[in-house]
Amino acid sequence: MIAPPPPKACGKDIMDHKRIIAALPREQRKKLIEKTNGPGLLHLVLHAGAIAIVGVFIASGVPYWPVLMVVQGILIVFLFTLLHESIHRTAFRSTWINDVVAALCGFLILLPPNWFRYFHFAHHRHTQDPENDPELIVPKPETVGQYLTYLSGLPTWKSHLGTLLRNARGRCDDAFVPTSAQKQVQGEACLMLATYGGIVGMCIVSGVTLPLYIWVLPVLLGQPFLRLYLLAEHGRCAFVTNMFENSRTTFTNRLVRSLAWNMPYHAEHHAYPGVPFHRLPEFHRMIRTRLTVTEDGYARFHRSYFSELTMDRQ
């Protein structure tokens, strides 16, 4: 595994994220982690509404509708960021809303939400720890070929399907899944696979192909865009425990922040995971001067990443 470069401190003392959070007044911390349903429900309506509208356009066969499948795919695969927020149970105040939304999002992108909760919480506990962070089981791309394969999304779909099949057979051997949760994880995988099978069967019997064009093909086309986004979260960040060094905040426009449920504020999220998505901009303003690993846009991040890969090759 290629060691990432050290973070650029820009002339600032690099402080541990725990010290910075602890320095915030108690009332300020309490306000930051306060959960509510309103912002999440509004954001959900806008995101789901966009998917429904684009789906109607595709189904109606409007001019250039195949191009809209890319748009539809981006909208659907970025439900991953809502799934992520929901498994933290910070997208909404109501636990049941978080769990229902997580189940729906996970179903649409082939990612079992309960299993993913255990995976993701292990990632938070061991961020950028090569021995224990499950995100590093498959290392970040270290060659041009690995980079292009990663962006294709094919390894992601293979991994998701493999996880579902393994879990459904009761063979989940992931260390981060407790024994007490094995039956729940198995039942979840069986239900998802049975539902997928039922949809495929109904489509074959009825001759309906619409799901292929408003869901299946779009998510295949949209996955590379999610990969471009996700690589920036920790790619080439330091293998240390300080969340301001092992996670990256990427400055981007309002549209991308909205699509990703404010997760471009990723160092902030890792520093204080209890902060709901709609309060991350506020939290960012409080600690912006302490951030040590940032990037001005995703295009710039990938130009730098690709350039480093080609230099490593030489």
Side-chain angles (χ1 to χ4, degrees), residues 40-41 43-87 91 97-117 150-169 185-230 255 258-261:
L41 289 174
H43 209 95
L44 175 61
V45 168
L46 293 174
H47 199 145
I51 292 173
I53 290 170
V54 176
V56 169
F57 286 158
I58 294 172
S60 301
V62 298
Y64 306 108
W65 67 266
V67 177
L68 289 178
M69 288 200 299
V70 177
V71 178
Q72 179 78 332
I74 293 172
L75 289 169
I76 294 176
V77 297
F78 268 86
L79 287 174
F80 170 84
T81 54
L82 172 55
L83 167 62
H84 161 268
E85 187 75 0
S86 296
I87 61 105
I97 299 179
N98 281 302
D99 291 348
V100 169
V101 169
L104 292 173
C105 291
F107 179 79
L108 288 173
I109 61 174
L110 208 68
L111 185 58
N114 287 306
W115 175 89
F116 180 64
R117 177 179 288 112
Y150 170 87
L151 293 188
S152 74
L154 295 178
T156 298
W157 294 122
K158 179 181 178 181
S159 174
H160 289 357
L161 182 59
T163 295
L164 276 174
L165 293 173
R166 187 176 68 252
N167 291 355
R169 295 197 304 267
V185 165
Q186 182 180 13
E188 166 186 70
C190 289
L191 178 60
M192 289 179 68
L193 289 172
T195 307
Y196 292 138
I199 292 174
V200 171
M202 286 189 294
C203 289
I204 292 175
V205 171
S206 64
V208 173
T209 59
L210 186 59
L212 183 66
Y213 299 105
I214 66 172
W215 176 25
V216 179
L217 289 178
V219 296
L220 294 176
L221 295 171
Q223 186 65 238
F225 295 90
L226 181 62
R227 295 299 107 194
L228 286 167
Y229 158 79
L230 289 175
L255 178 62
S258 178
L259 178 67
W261 289 70

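Hydrogens, waters and symmetry mates play no part in the numbers below; they use all other heavy atoms, side chains included.
- Atom OG1 of residue Thr163 and atom CZ of residue Phe116 lie 11.0 Å apart, to the nearest 0.5 angstrom.
- Remark: Val100 engages Trp96, Leu104 in a side-chain contact (heavy atoms from CB on, under 4.5 Å) (not counting sequence neighbours).
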Identify each donor-acceptor pair in which a side-chain atom of residues 186-201 lies under 3.5 Å from a protein atom, sequence neighbours left out, and give them as a table.
from   : atom 1 : to     : atom 2 : distance (Å)
Gln186 : NE2    : Ala168 : O      : 3.3
Glu188 : OE1    : Trp115 : N      : 3.3
Glu188 : OE2    : Asn114 : N      : 2.6
Glu188 : OE2    : Asn114 : ND2    : 3.0
Thr195 : OG1    : Leu191 : O      : 2.8
Tyr196 : OH     : Phe107 : O      : 2.5

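- Thr81 pairs by the side-chain hydrogen bond (donor to acceptor under 3.5 Å, both in side chains) definition with nothing, not counting sequence neighbours.
- Applying the salt bridge (charged side-chain N to carboxylate O under 4.0 Å, His left out) rule to Arg166 yields the partners Asp173, Asp174; only residues at least two apart in sequence or on another chain are considered.
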Which pairs of donor and acceptor atoms, one on a side chain in residues 202-215, lie under 3.5 Å apart (sequence neighbours left out)?
from   : atom 1 : to     : atom 2 : distance (Å)
Ser206 : OG     : Met202 : O      : 2.6
Ser206 : OG     : Val208 : N      : 3.4
Trp215 : NE1    : Leu108 : O      : 2.9

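- For Val101, the side-chain contact (heavy atoms from CB on, under 4.5 Å) test picks out Leu44, Leu82, Ser86, Phe92, Ile97, Cys105, with sequence neighbours left out.
- Partners of Tyr150 according to the ring-ring contact (aromatic ring centres under 6.0 Å, His included) rule, which considers only residues two or more places apart in sequence or in another chain, do not exist here.
- Residues in residues 44-56 take part in these side-chain hydrogen bond (donor to acceptor under 3.5 Å, both in side chains) pairs, two or more places apart or across chains: His47-Trp261.
- Phe225 places none of its side-chain heavy atoms less than 4.5 Å from the side chain of Val77.
- In this structure, Gln72 has no side-chain hydrogen bond (donor to acceptor under 3.5 Å, both in side chains) partners at least two apart in sequence or on a different chain.
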Practice item. Start with the C-alpha gap between Thr156 and Leu226, add the side-chain angles, then the distance that decides, and say whether side chain to side chain contact (heavy atoms under 4.5 Å, CB included) holds. Key: CA-CA 11 Å; Thr156 298; Leu226 181 62; over 6 Å; no
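- When the ring-ring contact (aromatic ring centres under 6.0 Å, His included) test is applied to Tyr229, the partners found at least two apart in sequence or on another chain are Phe78, Tyr298.
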